[in-house]
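This is a predicted model, so every value here is computed, not measured. Atoms considered below: every heavy atom in the structure, side chains included; atoms not considered: hydrogens, waters and symmetry mates. In listed order, ligands and their atoms are each counted from 1.
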Amino acid sequence: MSDAQPAGGSERAWLRHAGIRPKKRLGQNFLINPNFRDRLIAAIGVAEDDAVLEIGPGSGSLTLPLARIAKRVWAVERDKRLYDLLSERSEAELPGAALTMIHEDILAVDPGVLAREAGRPLLLVGNLPYAVTSPILLWMLKHRDSFAGAVIMVQKEYGDRLRATPGGPGSSSLTVWAAYHARVTQEMRVPPTVFWPPPDVDSLLLRLHFHEQPPYPLSDPGWLEQSLRISFGKRRKQLGGCVADALDLSRNEAVELLQKLSIDPARRGETLTLEEHCRLAEAIGRGWPGHLARHGR
Ligand code: SAM
C-alpha cells in the first residue's frame with residue numbers, strides 16, 4: 001500500500017492507495033462515478049433477503065453498497081492486489097458486513113456450494129471483465145440452477161447481440177443460445193466516462209431472467225451448441241450447404257433432411273427462429289445419422 005488508508009475515500013483514492021495500475025488483460029475498467037454507481041445499484045435492485053455472488057469486485061464500488069443491503073455477499077476477485085485492497089477497505093468502511101472475499105478465478109468457483117450455504121439460489125452480479133465475457137456466460141449457464149437471476153454489465157455491442165431476437169436484426173449464435181436459457185432485458189446504458197480508465201465503447205447493464213423451463217425444451221441442451229456451430233459456422237452460406245459440410249452429406253441429402261423439418265435449406269442460420277433452431281438441434285442430436293443409415297450411408 002502506498003499511502004495512508006483513505007477511509008471513506010473515493011474509488012480513485014483507494015486505487016491510488018493500493019498503487020493499482022489497471023491490467024487490460026483482466027478487463028480492469030473501474031467504476032469511479034458515484035452518481036452512476038448509485039443508479040446502477042438501484043437498477044440492480046438487490047433486496048435484503050438476497051444472497052449475492054459478485055464477479056470481479058475490483059475496488060468495491062458495487063460490492064460495498066451491495067453488502068450494505070443484502071444479507072449475504074460473496075465477491076470473487078482474481079487479482080490479488082484488488083483482493084487485498086477490498087479486504088482492507090471493507091474492514092475499514094463496513095466492519096462486520098456479511099461479505100466474504102474469495103481470491104479466485106470465477107471460472108473455478110462452484111456457486112452450488114455457496115447457494116447451499118445461503119439456502120437459496122444466488123443473485124449473480126458483475127461488471128464483467130470484457131475479455132472473458134463469453135467463458136463467464138458459459139460458466140453461468142452451466143451452473144444456472146444455482147442462480148435466481150443475473151445482472152451483468154457487458155460491452156454494448158455484445159449486449160445488443162445477447163438481447164436481440166433470434167431470427168431478427170443483429171441475431172447471432174449468442175442470441176439464440178441466450179434466448180434458450182433466459183429472457184434478457186436492458187436495464188441501463190453506461191457511458192465510458194464513468195470508468196477509469198475509460199473503455200473504448202459504451203456498456204449495457206442487462207438482466208437475465210432465467211426460464212424455469214426453456215420455451216422449446218431439448219433432450220440435451222448441449223445439442224443446441226453443437227447445432228449452432230453448424231448453422232452459424234459459415235455465415236454467408238445457406239443452411240443446406242452448412243449442414244452438408246458439417247455432416248459430410250451430399251447437398252441433396254442435406255436439402256431433404258431440412259425439408260423434412262420444414263426448414264427451407266436456402267435460408268441462413270441467422271434467419272431461423274428459436275423454435276426452428278431447437279427443431280434442428282433435436283434432429284441433429286437425436287441422430288440424423290440413424291436417419292442417414294436409411295439413406296444407405
Ligand atoms: N466491479 C468493479 C467495478 O465495477 O469497478 C471492477 C470491474 S472490472 C470491469 C472487472 C474486474 O474483474 C476486475 O477487478 C478484474 O480484476 C476482475 N477479474 C478479471 N477476470 C476475472 C476472473 N476470471 N475471475 C474473477 N475476477 C476477474
Chemist: Decide, yes or no, whether a salt bridge links Lys234 with Asp245 under the criterion of side-chain N to carboxylate O below 4.0 Å.
Modeler: yes
Chemist: So, Glu157 and Arg161, do they make that salt bridge, N to O below 4.0 Å?
Modeler: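 Not counted as a salt bridge, because no side-chain N and carboxylate O are separated by less than 4.0 Å.
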Chemist: So, does Arg120 use its side chain to make a donor-acceptor pair with the main chain of Asp49 at under 3.5 Å?
Modeler: yes
Chemist: Does Arg12 make a cation-pi contact with Trp14 (under 6.0 Å, within 45 degrees of the axis)?
Modeler: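 Not flagged: Arg12 not positioned over aromatic ring of Trp14.
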Chemist: Which residue owns the protein heavy atom closest to atom 18 (N) of ligand 1, what's the atom, and how far is it?
Modeler: Pro129 CG, 3.9 Å
Chemist: How does Leu82 reach ligand 1, if at all, at less than 4.0 Å between non-hydrogen atoms: by side chain, backbone, both, or neither?
Modeler: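 Contact part for Leu82 vs ligand 1: side chain (C-beta onward).
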Chemist: I need the atoms of ligand 1 closer than 4.0 Å to a non-hydrogen atom of Glu54, numbered in the order shown.
Modeler: 1 (N)
Chemist: Looking only at distances, please establish whether an N/O atom of ligand 1 is found under 3.5 Å from an N/O atom of Leu31.
Modeler: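 Yes; at least one N/O pair falls below 3.5 Å.
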Chemist: Could you identify the single nearest non-hydrogen protein atom to atom 6 (C) of ligand 1 and state the distance to 0.1 Å?
Modeler: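 In this structure, atom 6 (C) of ligand 1 has Gly56 O, 3.4 Å as its nearest protein heavy atom.
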Chemist: Starting from atom 2 (C) of ligand 1, what is the nearest protein heavy atom, named by residue and atom, and what distance separates them?
Modeler: Pro57 O, 3.3 Å
Chemist: Can you see which heavy atom on Thr271 is nearest to which on Glu276, and at what distance?
Modeler: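 Shortest heavy-atom separation between Thr271 and Glu276 comes out as O-OE1, 4.3 Å.
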Chemist: Taking heavy atoms and a distance under 4.0 Å, where does Glu104 meet ligand 1: side chain, backbone, both or neither?
Modeler: backbone
Chemist: Got a salt bridge between Glu104 and Lys80, using NZ or NE/NH1/NH2 to carboxylate O under 4.0 Å?
Modeler: no
Chemist: Would you mind finding which of Gln28, Arg81, Glu77 brings a heavy atom closest to atom 14 (O) of ligand 1?
Modeler: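 Of the listed residues, Glu77 has the closest heavy atom.
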Chemist: Return the option from Ile106, Asp79, Val194, Ile55 holding the heavy atom at the smallest distance from atom 24 (N) of ligand 1.
Modeler: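 Considering heavy atoms of Ile106, Asp79, Val194, Ile55, the nearest to atom 24 (N) of ligand 1 sits in Ile106.
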Chemist: For atom 8 (S) of ligand 1, what's the nearest protein heavy-atom neighbour? Residue, atom name and distance, please.
Modeler: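 Here the closest protein heavy atom is Gly27 O, 3.3 Å.
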Chemist: Out of Leu128, Val76, Asn29, whose heavy atom sits nearest atom 25 (C) of ligand 1?
Modeler: Val76
Chemist: Has Asp110 got more than 12 heavy atoms of other residues, nucleotides or ligands less than 6.0 Å from its CG?
Modeler: yes
Chemist: Taking the six-membered ring for Trp, is the centroid-to-centroid distance between Trp139 and Phe147 below 6.0 Å?
Modeler: yes
Chemist: Is there a polar contact between ligand 1 and Ser59, counting only N or O atoms under 3.5 Å apart?
Modeler: no
Chemist: Which protein heavy atom lies closest to atom 23 (N) of ligand 1, and at what distance to 0.1 Å?
Modeler: Asp105 OD1, 2.9 Å
Chemist: With heavy atoms of Ser61 as the reference, note each atom of ligand 1 found under 4.0 Å away.
Modeler: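 Under 4.0 Å from Ser61, ligand 1 has these atoms: 3 (C), 4 (O), 5 (O).
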Chemist: I'd like to know if the side chain of Glu77 reaches the main chain of Tyr83, judged simply by a donor and an acceptor atom lying under 3.5 Å from each other, with no hydrogens or angles considered.
Modeler: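 Checking the backbone N and O of Tyr83 against the side chain of Glu77, no donor-acceptor pair under 3.5 Å is found.
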Chemist: So does Arg163 pair up with Asp160, basic N to acidic O under 4.0 Å?
Modeler: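 Between Asp160 and Arg163 there is a salt bridge, with a charged N closer than 4.0 Å to a carboxylate O.
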Chemist: Considering non-hydrogen atoms of the protein only, which is the closest contact for atom 19 (C) of ligand 1, and what is the distance?
Modeler: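 Nearest neighbour among protein heavy atoms for atom 19 (C) of ligand 1, to 0.1 Å: Leu26 O, 3.2 Å.
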Chemist: Does the ring center of Tyr216 lie less than 6.0 Å from the ring center of His211?
Modeler: no
Chemist: Can you check whether Asn127 has an N/O within less than 3.5 Å of an N/O in ligand 1?
Modeler: yes
Chemist: Which residue from Arg78, Arg25, Met153, Glu11 reaches closest to atom 22 (C) of ligand 1 through any of its heavy atoms?
Modeler: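 Selected option, by shortest heavy-atom distance: Arg78.
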